[in-house]
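Computed from a prediction, not measured in an experiment: that's the story for all the values here.
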Amino acid sequence: MADLHAEASSEEEEASMDALDEIPQAGGLYMESSDEENNTPATKGDIKSLLRDIRKMFQADLAILREDMLSLTGHLKAAEETSAHLKAEQTTLAAEQKRLTASQATMTLKLTEYEDRSRSKNIKIRGIPTTIDKTELPQYVGRLLQQILPHKQAKNILVDNIYRIRRQGRQPQQAYSDIIIQLVTHLDKTAIMAAVRDLPFLAFERHNLTFYNDLSKPTMQWRQTMRPVTSVLRQKKIPYHWGTPRSLQITAEGITHTIHSPEEGQLFLAQQGITTQRELRRGSPRGQQWDVDNIAPFEPRRDPHLPEAGPGN
């Protein structure tokens, strides 16, 4: 039994040695050496050689890192230049956008002025029922002018066109819609508007009619913003009239002042010492109102066919 055990141990040692021989020499770092070589102490030359090898290895790695850092520095510099270029382009685009916005506002104002001038001879009449057909409108307007003006003057009024402005949506059977009278001369329009200036409405053939200037939508909206100023002017009985493009002409102490915005109007009133912010708020419209102050120099008139606005409206 002892002999068999010794033979088995010898076989295991031989197998271990064979497995060690099969381990690859990784890059030459592992080398089989004899017992004498393993016991030989390293000399100073061996250590210097080893340090030179380590130094070469690190120098190669440092060279690669240096190249990478130079490459990254170049990319960073290019990115900074691109960012500076984009910032300059953004500044240029912002300035160009500002210029285009101002140009668009100027063009819009000019177009609005042209539209208002094309409507300057028109009169808008509210209160004529839709039951009056378009073929009956010329005779209806003729009779209306004869009631407003002396017979001879009404007979000489030259009317270019008459048409009705249709409202959107379904309308009740007795609906009312505005009509536009296009006159040939400004003198005829001035005579008609002067005749109805002091009337809250004109009773004609069982209809209550109100008269307005025919204005573009942007101008009506702008005049709506000027209501706090014009309300104070009317309260203080200060004469004013509307000018073009989008200006309010105020006459105070024999001097005409031109106002282009509600802020300028409030500043003018404050300088004249005739208003306060409280008065301006009291003069501003409450809620939605249809009677836009577009009849200058005439007073705005309430639609007699609409119900009276309650205190909460």
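- The number of heavy atoms from other shown groups lying within 6.0 Å of OH (Tyr163) is above 12.
- A salt bridge does not link Lys110 to Glu113: none of the charged nitrogens lies less than 4.0 Å from a carboxylate oxygen.
- Within the 4.5 Å cutoff, the side chain of Phe268 has no heavy atoms near those of the Leu248 side chain.
- Between Ile255 and Thr251 the shortest side-chain heavy-atom distance does not fall below 4.5 Å.
- Residue Ile54 belongs to a hydrophobic cluster whose other members are Leu50, Met57, Phe58, with links defined by side-chain heavy atoms closer than 4.5 Å.
- Residues Arg227 and Pro262 form no side-chain contact, since every pair of their non-hydrogen atoms from C-beta on lies 4.5 Å or further apart.
- Thr219 and Ser216 share a side-chain donor-acceptor pair at under 3.5 Å.
- Using modelled atom types, one finds no donor on one side chain facing an acceptor on the other under 3.5 Å when comparing Asn122 with Lys189.
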(request) Let me see the working for Gln249 and Ser247 under side chain to side chain donor-acceptor pair (under 3.5 Å), right down to the final yes or no. (result) CA-CA 6 Å; Gln249 309 290 329; Ser247 64; 3.1 Å; yes

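- Counting only residues at least two apart or in different chains, ring-ring contact (aromatic ring centres under 6.0 Å, His included) contacts with residues 119-144 comprise Tyr140-Phe204.
- Within the 4.5 Å cutoff, the side chain of Ile192 has heavy atoms near those of the Ile123 side chain.
- The environment of CD in Gln97 is sparse: at most 12 heavy-atom neighbours from other residues, nucleotides or ligands sit within 6.0 Å.
- Within 6.0 Å of the CD atom in Gln90, the count of heavy atoms belonging to other residues, nucleotides or ligands does not exceed 12.
- Put simply, the side chain of Ser103 never gets that close to the backbone of Leu100: no donor and acceptor are under 3.5 Å apart.
- Side-chain contact check for Leu233 versus Leu269: some heavy-atom pair is nearer than 4.5 Å.
- When the shell of 6.0 Å around CD of Gln104 is examined, it contains 12 or fewer heavy atoms from other residues, nucleotides or ligands.
- Closest approach of Arg119 and Leu215 over heavy atoms only: NH1-O, 3.1 Å.
- Between Ile128 and Arg164, the closest side-chain pair of non-hydrogen atoms falls below 4.5 Å.
- Residues Asp178 and Lys124 come closest through the heavy atom pair OD2-CD, 3.5 Å.
- Asp160 is not listed as a side-chain neighbour of Ile181, based on a closest heavy-atom distance of 4.5 Å or more.
- Looking at Ser120 and Asp116, their side chains never come closer than 4.5 Å, going by heavy atoms from C-beta outward.
- Between the side chains of Ser71 and Asp68, no donor-acceptor pair of N or O atoms lies under 3.5 Å.
- Defined by atom type and a distance below 3.5 Å, a donor-acceptor pair is missing between the side-chain atoms of Arg126 and Thr210.
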